[in-house]
Amino acid sequence: MSLSFDVSTNSSLGVKGEDDCDNTSCTRENYGTTITTESYYIHIVGITPVALLGIVGNLVSLVVWNSQTTYSATIFLFKYLAVWDTAYLVSVIPVIFLYEVDPTGVAFILLNTLSFLAKLESVHTTLLIAFTRWLAVYRPVHVHTGSLLTRRHVVLACLVVLVWCLAISAVFLAFDLVSVTFIAELSGYSAIHTVGLSLPALPLFVFNFALIKKIRSPSSLKSTASASEQKQFSSRTSDQRLTVTILFMSFFNVAAYTIGETVKIFYWFQAFRDNSNLFTTPESSFELLQVVNSSVNFIFYITFSSKFRSSFTKCLKCRVLRGRAVSAGRPVASSHRQDSSHSLATTAL
């Protein structure tokens, strides 16, 4: 949810008393919006169940990635992404219901800001993942020797992104709390959504194009020693699977935010210019796409990563065996050691 209108007084974007103000002086209280039947069902039948499934998927992904005890910059960012995707999915459900009850209330505004912060972090973390993978492919020696993509580097990048996203969210919150003219609010929201959500997804094209080009280049097929050919082939196959995973994640980000937010902004201005009905169906459709974007990563991991599937199976078996051992009164240390040894052996996607 982005713009908040008084939904209880009018079913159109038209002014609720056109003699009192014009398009340049009216505030949000002078406008209404139509919550359509389609929008209602998108929220109840689409967004809510997908968000609940996404929360489960992200938590499972977090558990599986946490079983990897050997440091990997990409896996670290996958875990960071799962945290913020979960935060967005948890916040979006109450935001939906509060939007229909009191879209100008303090509770809705605060939860909406938290949801917006989580979306910002999701977009920027996906960009960090693509950039990290680009560095690993183009500077493999520096990465493997530890001069690039160390834990300190990645944590520092996450902190910089967090500060940037908090700053954008603060401006977003200010527009919700300060009463301004509707055209000023519309322009402000459009600028915030463009800078925070639409534009950051565009560099994903550059990084992913560079990744595909590098992975498919003839030089990546050459072996320096015949004894290591099998190892190099396995590593290259793993790199390709990781690239495909990041490509799908990037595609959903671009569709949900670069395309979705841009279309939504044009729709806002078109409705305002024509003084026509502002139906919520298009906005709800793109919100569903954003929820899917934050829910689908588990499917990518389990589809393209054999080691994620292996770790997932190991974690599942260990928990089943541990539950049986606890119910039978037997110790569970041996199964824990097996799980730890498996985690040490798993270092990449």
Side-chain angles (χ1 to χ4, degrees), residues 1-5 13 28 33 35-36 38-39 42-43 46-47 50-51 54 81 84-85 87-89 91-92 95-96 99 103 108-109 111-130 161 164-176 182-208 248-273 278-297:
M1 312 303 164
S2 301
L3 292 177
S4 302
F5 307 101
L13 183 64
R28 75 184 70 148
T33 188
I35 299 180
T36 62
E38 293 83 1
S39 178
I42 289 173
H43 289 167
I47 292 178
V50 171
L81 177 63
W84 283 108
D85 279 342
Y88 168 60
L89 296 174
S91 64
V92 75
V95 164
I96 287 173
Y99 180 74
F108 169 79
I109 291 174
L111 273 174
N112 195 34
T113 303
L114 174 61
S115 178
F116 183 71
L117 172 62
K119 288 196 291 187
L120 288 173
E121 281 284 352
S122 179
V123 172
H124 287 79
T125 303
T126 304
L127 180 57
L128 276 181
I129 291 172
V161 167
W164 168 248
C165 293
L166 285 172
I168 298 177
S169 299
V171 179
F172 180 86
L173 178 61
F175 270 95
D176 265 336
F182 183 75
I183 185 59
E185 184 177 17
L186 184 59
S187 301
Y189 275 121
S190 300
I192 292 169
H193 281 248
T194 300
V195 173
L197 296 175
S198 299
L199 292 182
L202 292 178
L204 290 172
F205 284 113
V206 178
F207 291 127
N208 287 311
F248 273 99
M249 294 168 65
S250 303
F251 171 78
F252 271 82
N253 259 272
V254 170
Y257 294 107
T258 302
I259 298 176
E261 293 294 329
T262 302
V263 171
K264 190 161 61 175
I265 288 170
F266 275 112
Y267 177 68
W268 287 343
F269 277 103
Q270 181 73 25
F272 176 80
R273 187 188 65 181
L278 181 62
F279 294 104
T280 56
T281 302
E283 186 171 356
S284 298
S285 301
F286 286 118
E287 285 165 1
L288 175 59
L289 185 57
Q290 291 170 3
V291 169
V292 171
N293 173 69
S294 292
S295 305
V296 77
N297 289 338

**Request:** Take N297 and F252, measure what side chain to side chain contact (heavy atoms under 4.5 Å, CB included) needs, and give me the verdict at the end.
**Result:** CA-CA 10 Å; N297 289 338; F252 271 82; over 6 Å; no
Could you state the interatomic distance from [atom1] ([X]) to [atom2] ([Y]), rounded to the nearest 0.5 Å?
| X | Y | atom1 | atom2 | answer |
| --- | --- | --- | --- | --- |
| L289 | I259 | CG | CD1 | 8.5 Å |
| I96 | I42 | CD1 | CD1 | 10.5 Å |
| L173 | L114 | CG | CG | 11.0 Å |
| T126 | F251 | OG1 | CZ | 14.0 Å |
| E261 | Q290 | CD | CD | 5.0 Å |

**Among T262, N253, V123, T258, side chain to side chain contact (heavy atoms under 4.5 Å, CB included) partner for L197** = V123
**Prompt:** Can you name the closest pair of heavy atoms from S169 and L120 and give their distance?
**Reply:** OG-CD1, 3.5 Å
**Request:** Identify the two heavy atoms, one from V291 and one from I47, that lie closest to each other, and give their separation to 0.1 Å.
**Result:** CG2-CG2, 3.7 Å
**Message:** Contact between L127 and F207 at the side-chain level, heavy atoms closer than 4.5 Å - yes or no?
**Reply:** yes
**Prompt:** Taking the six-membered ring where the residue is Trp, are the ring centres of F286 and Y257 under 6.0 Å apart?
**Reply:** no
**Request:** Could you tell me how the ring of F116 sits relative to the ring of H193: parallel (under 30°), tilted (30 to 60°) or perpendicular (over 60°)?
**Result:** tilted
**Request:** Apply the test side chain to side chain contact (heavy atoms under 4.5 Å, CB included) to residues N112 and F172: give CA-CA distance (whole Å), side-chain angles for both, the deciding distance (0.1 Å), then the verdict.
**Result:** CA-CA 10 Å; N112 195 34; F172 180 86; 3.6 Å; yes
**Worked verdict on W84 versus L117 for side chain to side chain contact (heavy atoms under 4.5 Å, CB included)** = CA-CA 9 Å; W84 283 108; L117 172 62; 4.1 Å; yes
**Asked** Taking the side chain from T125 and the backbone from S122, do they hold a donor-acceptor pair closer than 3.5 Å?
**Response** no
